[in-house]
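Remember, it's 1-based here, ligands and their atoms both numbered in the order they're listed.
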Amino acid sequence: MDQRLAILADFADLTHEEVAALSSQGALTLEQADKMVENAIGIYSLPLGLGLNFLINDKDYVIPLAVEEPSVIAAVSSVAKLVRGAGGFHAEATERRMIGQVQVVNVPNLEQAASELAKNRDDLIKQANNAHPSLQKRGGGAVDIAVRLLNQEPKAVFPPMLVLHLLVDTQEAMGANMVNTMVEAIAPTVAELTGGDVHLRILSNFVDECVATAHCVIPPPLLATSEYSGEEVRDRLISAYQFAASDIYRAVTHNKGVMNGVDAAVIASGNDWRAVEAAAHAYAARDGHYGSMTRWTVDYDGNLCGELTLPMPVGTVGGSIKVHPIAQLTQKITGIKSARELSQLIVVVGLAQNFAAIKALVTDGIQKGHMALQARSLAMVAGATGSLVDIIAGQLVASGEINSSKADSLLKEYTVKKS
Ligand code: NDP
């Protein structure tokens, strides 16, 4: 640990205080925690590790990951090393447009109401920006509106309603609070223009206008294992993707693997991972069918091509990012300069994690690597501490019986021998 911290301090130019914060169990003080949430009684810690070897858009990155599950960090680091050999990952992100919704019910004439709103577009945008003027000064702010009429079909189960969307460029913030402030500000005008009753005024977490995409292209020789040729691994990987794209039972597990990486990166960055989770799964069902978040295909040269696009409502400011000392530090470690750059890193980690999981599944099976890493947790649950954790974990792996009763008996044997 000390050696790792020393290398990291050198790499990311960390101060003594920052290194001390990393070593002090999360660095968040009880006082800060008490200001962040209600009825605070303590701090729940998670391990913070480093995703290594990432080459993204020709730039090297070390990506901090906060996760309790063994194997996630090892898997993404190993995949990043493999993909680095193929020129690294490429990633891009769209402009950042968050959506605020205003729900209007009991509208006397929906078409007329929609046209009134469209006529008053500029005024509505101006009002929204007046409610949070600093955003516009930074080059962002409300930029457009859209009107949607719901439950129009004759057999609709629910009553018709009008929904106004306010599109907001939230710049470096995720923007939930900013957008909520804006939609609340324009709601009285929306009620007046439509003649209806305004009910909900809230951000939509389905941020399909703020997405990031990661790609990789891997030549078959890099995929070969002792048992399978590169072409065989490639084709088996594509078949695994096709399974997830066709079957919800597989898709959810496939996507959980993607989110193993995504959530770990989002949590480490101090962002709202519930927002990212909710948006990601909805995006995987955007055509009315829940399928694979990733896409794996073969190109004309026979290379394996991977792609992941996800909504990525993350910020470099706002929420608890400027409050949580580790969120500040992880930003410094990645060296990112913008929320768009952060969103690219996160989708790359998701794509890498998906590749690692399906490659293991189509070759050795997931348990070989996973259980070897899980062995450490079993050793700790059995009561091993310090260097004994790795000794018992090693014996568990060698025994081929990686379970808790074996861990108990190995620890007992070891203790008896020692005494
Ligand atoms: P904040 O309310 O913290 O607003 C962002 C802050 O960052 C503002 O104070 C803004 O300053 C400041 N800022 C500094 N520099 C910039 C910049 N370059 N660009 C943009 N802002 C800048 O956070 P958000 O509005 O981002 O809301 C995120 C929080 O809202 C998260 O904690 C989330 O969990 C929570 N939330 C989520 C909801 C959901 O997902 N449905 C609903 C409600 C809340 P200034 O004030 O001067 O503009």
Query - Geometric class of the Phe206/Tyr283 ring pair [parallel <30°, tilted 30-60°, perpendicular >60°] - result: tilted
Requested in this report: Show the protein residues that qualify under the rule heavy atom under 4.0 Å from an atom of ligand 1, listing them in chain and number order.
Outcome: His132, Ser134, Arg138, Thr170, Gln171, Glu172, Ala173, Met174, Gly175, Ala176, Asn177, Met178, Asn180, Leu203, Asn205, Asp272, Val317, Gly318, Gly319
Query raised in the report: To the nearest 0.5 Å, how far apart are CG in Asn180 and NE2 in His132?
Result: 12.0 Å
**Report entry** From Phe54 atom CZ to Leu345 atom CG, the distance as rounded to the nearest 0.5 Å
**Finding:** 8.0 Å
Report task. Evaluate whether atom CD of Gln152 has more than 12 neighbouring non-hydrogen atoms of other residues, nucleotides or ligands under 6.0 angstrom away. Result -> yes
Query raised in the report: Would you call Glu209 and Arg96 a salt bridge, taking side-chain N to carboxylate O under 4.0 Å as the test?
Result: no
Please table the atom pairs, donor to acceptor, closer than 3.5 Å between any side-chain atom in residues 104-115 and protein atoms at least two apart or in another chain.
{"unit_1": "Asn106", "atom_1": "ND2", "unit_2": "Asp197", "atom_2": "OD2", "d": "2.7"}
{"unit_1": "Asn109", "atom_1": "OD1", "unit_2": "Glu111", "atom_2": "N", "d": "3.2"}
{"unit_1": "Asn109", "atom_1": "OD1", "unit_2": "Gln112", "atom_2": "N", "d": "3.1"}

